[in-house]
Protein chains: 2
Amino acid sequence: MNLDNSGLHHLIATKLDEVGQMYTQKRRELVDALSQAGPCTLPELLEFSDGIAQSSAYRNLTVLEEMGVVRRLVHHGEYGRWELSEELTGHHHHHLVCHSCDVVIDVELPTHIEHLMDEAFETAALGSKFTVDRHNIDIVGTCVDCQETAQA
Amino acid sequence: MNLDNSGLHHLIATKLDEVGQMYTQKRRELVDALSQAGPCTLPELLEFSDGIAQSSAYRNLTVLEEMGVVRRLVHHGEYGRWELSEELTGHHHHHLVCHSCDVVIDVELPTHIEHLMDEAFETAALGSKFTVDRHNIDIVGTCVDCQETAQA
DNA sequence: TGCACGATTAAGAATCATTCTCATTATGGT
DNA sequence: ACCATAATGAGAATGATTCTTAATCGTGCA
């Protein structure tokens with residue numbers, strides 16, 4: 001639970017400094033929460049962080065998104081979710097999404113599969129003359145907790 | 001533009017009839033629009049359809065979704081999108097998504113790639129004890145129109 | 001150290017896609 | 001035709017997110 005995020009924080013601090021933005025305690029807390037808990041909704045972030053206002057959380061997430069520090073996910077739950085950007089963590093990944101409770105968990109796929117997919121996506125995009133930048137994959141199903149709840 | 005949707009309509013009519021729902025003219029128009037135009041936002045559907053009220057469109061889409069006739073997509077644009085369900089069309093597909101104008105276009109991938117992905121997804125889900133039901137893939141990039149606009 | 005300026009914060013108002021309410025209208029069975 | 005049930009549409013309500021604004025904080029500079 002007590003991860004060393006000093007490298008991460010230093011990277012972000014430099015990034016924000018370049019455009020005259022401050023890396024405040026509140027922003028640090030948001031990053032720590034995302035770093036520890038993975039993709040979070042706003043209410044989850046408010047619990048993790050210590051007394052940050054809702055409006056400040058939204059504004060800071062927007063700023064951090066513009067800086068490429070976090071990325072906003074959008075699924076079917078009532079709240080959006082936020083995660084640290086792959087650019088920052090260096091880990092390309094995808095998501096297990098529970099269609100019962102909307103929880104989101106990171107997964108990585110073998111690199112040879114990623115290569116095959118990238119090729120297939122490029123080919124598929126050709127027909128519509130699309131330029132491909134990236135891909136998002138949601139593996140949708142039921143998480144352990146919801147499987148157990150359904151059984152009981 | 002004048003596709004023959006009689007088979008499709010018959011299937012849906014039967015499906016709705018089984019649960020005492022009517023397949024009205026308005027609902028038929030929504031299905032026709034989706035069948036011709038692919039994934040649509042609500043404003044797009046209102047244009048296609050002839051004088052349907054906004055609230056009725058939303059309500060009908062919700063009903064049709066519960067019947068498994070349509071599926072709701074959620075991306076980053078201001079509006080949600082709707083498409084005919086794969087169960088109904090029989091065509092498993094994915095989406096090209098333009099991050100500039102939010103347009104969504106259907107694409108199909110070779111079946112051998114789908115098989116490889118399914119295996120990889122099952123394996124990836126094991127670690128979190130997830131039960132996999134399906135997968136959604138967004139190939140994100142820039143559509144032709146936005147490429148041209150950017151150039152000009 | 002103290003000051004001044006710009007950035008950040010937070011409370012609450014505003015926005016706006018979506019959902020809900022309810023009175024009216026259409027439909028199908030008898 | 002009559003009735004029960006379902007669908008429609010206008011407008012109100014909801015609620016996540018964004019915006020406004022006044023107060024506070026941090027940093028650099030004298």
Side-chain angles (χ1 to χ4, degrees), chain A residues 9 12-34 39-67 69-83 102 104, chain B residues 9 12-34 39-67 69-83 102 104:
Chain A
H9 285 316
I12 299 173
T14 308
K15 208 161 188 159
L16 295 194
D17 202 47
E18 280 169 8
V19 290
Q21 296 263 5
M22 297 167 163
Y23 195 33
T24 64
Q25 181 59 29
K26 306 282 183 188
R27 292 177 180 178
R28 221 173 273 261
E29 281 173 26
L30 290 175
V31 169
D32 278 329
L34 293 176
C40 287
T41 63
L42 195 97
E44 285 166 7
L45 286 172
L46 292 186
E47 280 199 26
F48 270 101
S49 302
D50 180 35
I52 191 173
Q54 190 189 53
S55 58
S56 300
Y58 274 116
R59 184 171 19 73
N60 282 327
L61 288 168
T62 303
V63 169
L64 292 173
E65 185 179 30
E66 282 163 359
M67 303 289 102
V69 172
V70 304
R71 184 161 84 97
R72 179 189 215 142
L73 309 178
V74 51
H75 291 109
H76 282 93
E78 41 191 348
Y79 294 97
R81 283 184 184 271
W82 305 82
E83 68 176 8
D102 293 322
V104 175
Chain B
H9 285 316
I12 298 173
T14 308
K15 207 163 188 157
L16 295 194
D17 201 48
E18 281 169 7
V19 291
Q21 295 264 5
M22 296 166 164
Y23 194 32
T24 62
Q25 180 58 29
K26 305 282 183 189
R27 292 178 180 178
R28 222 173 271 263
E29 280 174 25
L30 290 174
V31 169
D32 277 330
L34 292 176
C40 288
T41 63
L42 195 96
E44 285 165 6
L45 286 172
L46 292 186
E47 280 199 25
F48 270 101
S49 301
D50 180 34
I52 190 172
Q54 189 189 52
S55 58
S56 301
Y58 273 117
R59 183 169 20 72
N60 282 328
L61 288 168
T62 304
V63 169
L64 292 173
E65 184 178 31
E66 282 163 359
M67 303 290 102
V69 173
V70 304
R71 185 161 83 96
R72 178 188 214 142
L73 309 177
V74 51
H75 290 109
H76 282 92
E78 42 189 348
Y79 295 96
R81 282 183 184 271
W82 306 83
E83 68 176 8
D102 293 321
V104 175

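Residue numbers start from 1 in every chain, and the chains themselves are labelled A, B, ... in the order their sequence lines are given, proteins ahead of strands.
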**OP:** Check every strand shown and say whether A:Thr24 touches a base, only sugar-phosphate, or nothing at a heavy-atom separation below 4.0 Å.
**Re:** sugar-phosphate
**OP:** Heavy atoms of chain A, cut-off under 4.0 Å: which first and last nucleotide of DNA chain D, 5' to 3', fall inside that, if you could look?
**Re:** D:dA16 to D:dG26
**OP:** Could you check how far OH of B:Tyr58 sits from P of C:dT19, rounded to whole Å?
**Re:** 7 Å
Original post:
With sugar-phosphate meaning primed atoms plus P, OP1 and OP2, does A:Tyr79 contact a base, only sugar-phosphate, or nothing at under 4.0 Å between heavy atoms?
Top reply: sugar-phosphate
Original post:
Does B:Arg72 offer a backbone N or O that forms a donor-acceptor pair with the side chain of A:His76 under 3.5 Å?
Top reply: yes
Counting only pairs under 3.5 Å, give me each side-chain donor-acceptor contact of residues 48-58 of chain B, with atom names and distances, residues two or more places apart or in other chains.
from	atom 1	to	atom 2	distance (Å)
B:Ser49	OG	B:Leu45	O	3.2
B:Ser56	OG	B:Arg59	NH2	3.3

**OP:** Could you check whether A:Gln54 gets within reach of a base, just the sugar-phosphate, or nothing at all, counting any heavy atom under 4.0 Å?
**Re:** base
**OP:** For B:Gly51, report the nucleic acid contact type (base, sugar-phosphate, nothing); a contact means any heavy atom under 4.0 Å.
**Re:** sugar-phosphate
**OP:** Could you tell me whether the phosphate oxygens of C:dT9, OP1 or OP2, come under 4.0 Å of any side-chain nitrogen or oxygen in A:Arg59?
**Re:** yes
**OP:** Verify side chain to side chain contact (heavy atoms under 4.5 Å, CB included) between A:Arg27 and A:Val63, making sure each step is shown before the conclusion.
**Re:** CA-CA 10 Å; A:Arg27 292 177 180 178; A:Val63 169; 4.3 Å; yes
Subject >> Nucleotide nearest B:Arg72 when distance is taken to its side chain, options C:dT9, C:dA10, C:dT18 >> reply: C:dT18
Original post:
With a non-hydrogen cut-off below 4.0 angstrom, is A:Gln21 in contact with a base, only sugar-phosphate, or nothing?
Top reply: sugar-phosphate
Subject >> Whole-Å gap separating P (C:dT27) and CG (B:Asp17) >> reply: 15 Å
Subject >> Between C:dT18 (C1') and B:Arg81 (CZ): distance, integer Å >> reply: 16 Å
Subject >> Nucleotide nearest B:Met22 (side chain, heavy atoms from C-beta), chosen from C:dT8, C:dT19, C:dG28 >> reply: C:dG28
Subject >> Among A:Glu29, A:Lys26, A:Glu65, the one residue meeting side-chain contact (heavy atoms from CB on, under 4.5 Å) with A:Asn60 >> reply: A:Lys26
Original post:
Should B:Lys26 be listed as having a side-chain N or O under 4.0 Å from OP1 or OP2 of C:dA26?
Top reply: no
Original post:
To the nearest Å, how far apart are A:Leu61 CG and C:dA10 P?
Top reply: 13 Å
